[in-house]
Amino acid sequence: MYSIGLDISKSTVDIFIPINQSNIKIKNSMQAIKSFYSKLQRLYKKDIDKLVFVFEPTGTYSNLLKKFCSERNIKCFIINPKKSINFAKAIGQRNKSDIQDSVMLSKMLVTALADEIKVPIINIVVEELHELISYYKFLLKQRTQYKNHLEAISTRNHSSVVTKNIIKEIKLLNIKIDNIIKEMKELIKSDKDLWEAFNNILTIKGVGDILAIVLLHHFIKYPYTNQKEIISLAGLDPISKSSGTSIQSKAKISKAGSKLCRSTLFMAVMVAVRFNDELKIYYERLKQRGKHTTVTQIAVMRKIIIIAHSLYKNNEKYDEKKCIKFVA
């Protein structure tokens, strides 16, 4: 197989072609991708079917390439971003640029398992769910901005007209957010497998519709991940800095992942530690050991992801008797 490394951004795609050791940059558009593939056909000729496109899933930016590969029956190795970061460190790549990343991605084909190299399947429901989640995050951001502004002007003697308009906008955003959640549920319901996975996650005490949707989206976005990786991609993996005696810092979460996943989980923890016996025991056990409240809450957030990910992977419902192994 011949691996083509593609580093995808919003407007461009940096590409490394091993056969002639060349780097090219094209627009991230369907027309440019088609033109690029025609060039590959001239270069590889009879071996064109042995090509593998190697790239990271960059949300909506990589959708065009995935769609093209699906239509043209082109094999792909879609890499977990955390895996590529670790690979870059392993080969000693100290500098980072789009060109270097495309070369590095091309080399990563050697790490692929047999079932990881395949033609991508475009699931219309999943793609639409990605779009709805993006819009949902946009609405949440808008609402937060309005609330912050309202709080700021409440301490000053501004006209009530501004206050009334902001309150009105917040109410409208709340309606839009509720409608988007309903649309996401209806969309998930239209796919039998997604609906079953959604309901399996909902069986966890303390997990509501919003968190179940967010977690389901998180899992389908990164399908080839283990428990450690899925926690890392939510930005809940612990990091620390220590070197000799001069550099010593407490461990903290990386926050290098889904902000929506973290914020939604944090709200769910408040409910889970009250109504979920296993998570309540785990939470209280950590508190008894003298752990700070924030540390224990983050630990419970990790456990919820681990449990939900297990249910998603194994197509199972939450079982309190089995759950004891997750909180041991």
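One-based numbering along the sequence shown.
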- Got Leu233 and Asn80 here, is their nearest side-chain heavy-atom distance under 4.5 Å? yes
- Query: Do the non-hydrogen side-chain atoms of Asp101 and Asp14 ever get within less than 4.5 Å of each other?
  - Reply: no
- Query: Can you tell me if Glu284 uses its side chain to pair, donor with acceptor, with the backbone of Ile281 under 3.5 Å?
  - Reply: no
- Item | Closest non-hydrogen atom pair, Lys185 against Trp195 | O-CZ3, 3.8 Å
- Task: Compare every heavy atom of Thr225 with every heavy atom of His309, then report the nearest pair and how far apart it is.
- Result: CE1-O, 3.4 Å
- Task: Please name the pair of heavy atoms, one in Met301 and one in Leu236, separated by the smallest distance, quoted to 0.1 Å.
- Result: CE-CD2, 3.7 Å
- Shared hydrophobic cluster, Leu132 / Leu211 (ILVMFWY, side-chain heavy atoms < 4.5 Å): yes
- Query: If you round to the nearest 0.5 Å, how far is NZ of Lys147 from CD1 of Ile170?
  - Reply: 6.5 Å
- Message: How long is the straight-line distance from CD1 of Ile15 back to CG of Leu40, given to the nearest 0.5 Å?
- Response: 7.5 Å
- Query: Does Lys67 offer a backbone N or O that forms a donor-acceptor pair with the side chain of Ser70 under 3.5 Å?
  - Reply: no
- Task: Just do the side-chain contact (heavy atoms from CB on, under 4.5 Å) check on Ile298 and Val295 with the steps written out, would you?
- Result: CA-CA 5 Å; Ile298 291 171; Val295 174; 5.9 Å; no
- Message: Determine whether Thr203 and Asn199 satisfy the following criterion, side-chain contact (heavy atoms from CB on, under 4.5 Å), listing intermediate values before the conclusion.
- Response: CA-CA 7 Å; Thr203 58; Asn199 282 295; 5.9 Å; no
- Contact summary for Ile305 and Ala234, nearest pair of heavy atoms: CD1-CB, 3.8 Å
Show every donor-acceptor pair shorter than 3.5 Å between a side-chain atom in residues 102-121 and any protein atom, with sequence neighbours excluded, or say none if there are none.
residue, atom, partner, partner atom, Å
Ser102, OG, Ile99, O, 2.6
Ser106, OG, Ser3, O, 3.1
Ser106, OG, Ser3, OG, 3.1
Thr111, OG1, Met108, O, 2.7
Glu116, OE1, Leu113, N, 2.9
Lys118, NZ, Tyr224, OH, 2.2

- Give a yes or no on whether the backbone of Leu260 and the side-chain of Ser263 come within a donor-acceptor separation of less than 3.5 Å. yes
- When you check the side-chain N and O atoms of Glu278 and Tyr318, is any donor under 3.5 Å from an acceptor? yes
- Shortest non-hydrogen separation from Phe53 to Leu65 and the atoms involved: CD2-CD1, 3.9 Å
- Query: Going from OG on Ser258 to CD1 on Ile133, what distance comes out if it is rounded to the nearest 0.5 angstrom?
  - Reply: 8.5 Å
- Item | Contacts of Lys228 that satisfy side-chain contact (heavy atoms from CB on, under 4.5 Å) - sequence neighbours left out | Asn226
- Item | Validation row: Gln297, Met270 side chains within 4.5 angstrom (heavy atoms) | yes
- Task: Could you walk me through whether Glu56 and Ile8 pass side-chain contact (heavy atoms from CB on, under 4.5 Å), step by step?
- Result: CA-CA 8 Å; Glu56 296 174 345; Ile8 306 168; over 6 Å; no
- Item | Distance, nearest 0.5 Å, that separates CG of Leu6 from CD1 of Ile17 | 9.0 Å
- Gap between atom CD1 of Ile166 and atom CD of Glu151 - 0.5 Å precision: 11.5 Å
- Query: Closest approach of Cys76 and Val52, non-hydrogen atoms and distance?
  - Reply: C-CG1, 4.0 Å
- Item | His130 side chain to Lys221 backbone, donor-acceptor under 3.5 Å | no
- Approximate separation, where rounding is to 0.5 Å, of Ile188 CD1 and Glu128 CD: 11.0 Å
- Query: Within a strict 4.5 Å, meaning less than it, do heavy atoms of the Phe16 and Asp7 side chains meet?
  - Reply: no
- Message: Donor-acceptor check, side chain of Asn276 to backbone of Ile204, threshold 3.5 angstrom: yes or no?
- Response: no
- Going by atom types alone, do Asn315 and Asn200 pair a side-chain donor with an acceptor below 3.5 Å? yes
- Using modelled atom types only, decide if a donor and an acceptor are shared between the side chain of Ser310 and the backbone of Ile306 within a distance under 3.5 Å. no
- Okay, side chain of Asp237, backbone of Ile231: is any donor-acceptor separation there less than 3.5 Å? no
- Query: Going by heavy atoms in the side chains, are Leu51 and Lys75 under 4.5 Å from each other?
  - Reply: no
- Begin with the C-alpha distance, continue with both residues' side-chain angles, and end with the deciding distance and a verdict on side-chain contact (heavy atoms from CB on, under 4.5 Å) for Tyr222 and Ile78. CA-CA 10 Å; Tyr222 305 107; Ile78 303 176; over 6 Å; no
- Query: Relative to each other, are the rings of Phe219 and Tyr312 parallel, tilted or perpendicular (30° and 60° limits)?
  - Reply: tilted
